[in-house]
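All remarks here apply to the structure that follows.
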Amino acid sequence: MSGPQPPRTLLLVADGSASDAIAPLLAQRAWLAANDVRLLVHAYAEVTGGGLPALPPDTAVVLGFPHAFWDSRVEGILSGPYGTADYAQALRTHLLDAEAALDEAVAGQPRYLNSPRAIARTRDKVEAQRTLRRAGVPVPSLLDDPRPDDVLRELASGTTLYVKAVCGSMGKGMAHLAPGRWQTNYHYDGYRLLAPPPPAGAEGDWERREQWLFQDVPVGDHRFLERLCLTPGFLFERGIGGPGDGSERTEFRITVAGGTVAAADERRAPAQALTTRRAEGGASRPSDPHHPAAGAAAEAALAAADALHLGYAVFDVVTDADGAPYVVDTTAFPATGSAARLWRRLLDLLVVRPLADARPVL
């Protein structure tokens with residue numbers, strides 16, 4: 001007669017940060033232990049520096065955002081505007097280095113919540129969008145590799161464009177070009193696209209400090225347009241028209257885990273806002289699951305997770321005037337702001353149940 005089975009292992013690779021994004025996950029340690037899952041936590045420096053112990057073959061791996069690497073080697077260090085091509089390449093290289101080290105430490109193939117390669121794909125918005133388009137997932141149309149004259153022709157036809165740094169996050173590194181008004185949340189000094197100074201009084205509020213605010217740029221500023229068009233690593237995305245009745249700006253944030261919708265929120269902001277971030281007056285509430293637009297957004301998010309090979313992800317989805325959904329952003333790292341109760345549900349779907357059923361879902 002066999003004795004009790006040893007606990008399975010869940011490895012969280014993460015660096016601490018001011019956001020405490022992983023704290024709600026760490027709060028589930030006792031609950032995981034009660035379900036025979038041992039939680040180990042190691043920083044990226046330990047992983048890539050050879051500091052991991054040997055790990056059993058059933059080890060499941062969750063990769064958090066590598067804050068220490070990003071803060072010391074990437075943001076504000078690399079040349080060029082925040083979030084552009086060099087940022088995406090540096091993050092990809094770091095994630096693949098971690099993957100190689102984990103392959104050596106785990107006896108057998110690690111079972112990733114999201115693989116390093118899949119995460120790296122989501123941190124290049126152009127690559128992610130092209131992957132989704134090939135899979136038939138609805139995404140906004142792009143203006144590919146435009147020159148300034150191409151952009152001006154688009155605007156003359158009445159099109160609006162969102163210009164996004166391919167490796168940007170939290171709405172940072174954006175411009176919005178519309179007929180008659182140009183805006184960016186970079187600090188544009190007439191020549192360069194820089195990180196803006198933090199708002200006064202935001203020293204102790206990391207979220208307020210990170211939510212860059214939009215400022216007007218002179219319409220037709222050719223140097224500004226050249227910076228956007230000629231810098232590698234900007235995505236030019238055609239805007240999706242909403243209801244057109246002057247009502248609030250609305251989008252859906254859909255959390256997908258293990259092929260199911262784990263959470264769905266409706267995010268609203270004033271009609272003139274360019275995003276639904278808190279900095280622009282945005283607020284969130286659970287979406288109505290019976291609303292057709294919410295259902296369409298959830299279906300698009302499920303298809304996107306499948307196309308990007310993600311066990312867990314948070315998708316931002318907008319709908320047009322006819323209610324058709326479009327996936328506009330993907331978060332594959334544990335999302336900042338996820339409540340402890342949501343993490344318990346996520347871990348139940350992604351770790352506890354699959355291990356109990358001996359099914360490699362991760």
Side-chain angles (χ1 to χ4, degrees), residues 113-114 118 121-122 125 128-142 160 162 164 171 237-271 273-278 280-339 341-350 353-354 361-362:
L113 176 74
N114 291 324
R121 187 182 301 116
T122 69
K125 295 182 193 296
Q129 220 229 37
R130 288 175 178 167
T131 299
L132 293 176
R133 185 179 300 281
R134 285 195 298 268
V137 178
V139 291
S141 62
L142 298 184
T160 62
Y162 279 91
K164 303 176 181 179
E237 188 177 87
R238 293 182 176 92
I240 301 299
D245 57 4
S247 60
E248 293 176 301
R249 177 181 180 84
T250 303
E251 68 182 33
F252 296 94
R253 174 156 288 186
I254 310 294
T255 301
V256 174
T260 66
V261 174
D265 294 317
E266 184 177 358
R267 297 162 63 89
R268 292 179 176 268
L274 298 178
T275 74
T276 57
R277 299 176 303 155
R278 180 165 66 99
E280 296 186 67
S284 181
R285 67 184 182 190
S287 63
D288 178 358
H290 303 295
H291 193 286
E299 290 298 322
L302 288 168
D306 185 61
L308 293 168
H309 304 293
L310 299 173
Y312 157 85
V314 179
F315 296 97
D316 291 338
V317 184
V318 301
T319 53
D320 65 15
D322 298 320
Y326 296 85
V327 176
V328 295
D329 202 16
T330 304
T331 300
F333 287 114
T336 298
S338 296
R341 65 181 181 277
L342 176 57
W343 267 115
R344 181 167 296 190
R345 174 163 166 72
L346 294 173
L347 292 170
D348 187 42
L349 286 168
L350 292 163
R353 292 187 196 180
V361 173
L362 294 180

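- To the nearest 0.5 angstrom, R345 atom CZ is 10.0 Å from T255 atom OG1.
- Of all the heavy atoms in F315 and L310, the pair that sits closest is CZ-CD1, 4.3 Å.
- Closest heavy-atom contact between R133 and V139: NH2-CG2, 3.5 Å.
- Heavy atoms only, all atoms of each residue included: G258 and L350 are closest at N-CD2, 3.3 Å.
- Residue pairs satisfying the side chain to side chain donor-acceptor pair (under 3.5 Å) criterion with at least one member in residues 256-268, sequence neighbours excluded, are listed as follows: E248-R268, T250-R268, E266-R268, R267-T276.
- The structure places OG1 of T122 at 13.0 Å from NE2 of H309, a figure rounded to the nearest 0.5 Å.
- At least one side-chain heavy atom of K125 sits less than 4.5 Å from a side-chain heavy atom of D329.
- Scanning all heavy atoms of the two residues, the minimum distance from A307 to T131 falls at O-CG2, 3.8 Å.
- The two residues V328 and K164 have their closest heavy-atom pair at O-NZ, 3.4 Å.
- Counting all heavy atoms, side chain and backbone alike, E280 lies closest to P270 at O-CD, 3.3 Å.
- The number of heavy atoms from other shown groups lying within 6.0 Å of CZ (R238) is above 12.
- Partner of V137 under the side chain to side chain contact (heavy atoms under 4.5 Å, CB included) criterion, chosen from V327, L308, D306: V327.
- No side-chain heavy atom of S284 sits under 4.5 Å from any side-chain heavy atom of R278.
- Between Y312 and L349 the shortest side-chain heavy-atom distance does not fall below 4.5 Å.
- A distance-only check finds a donor-acceptor pair linking the side chain of S287 to the backbone of A264 [under 3.5 Å].
- One distance of note links CG of L346 with CG of L113; it measures 8.5 Å at 0.5 Å rounding.
- Atom CZ of R121 sits about 14.5 Å away from atom CD of Q129, to the nearest 0.5 Å.
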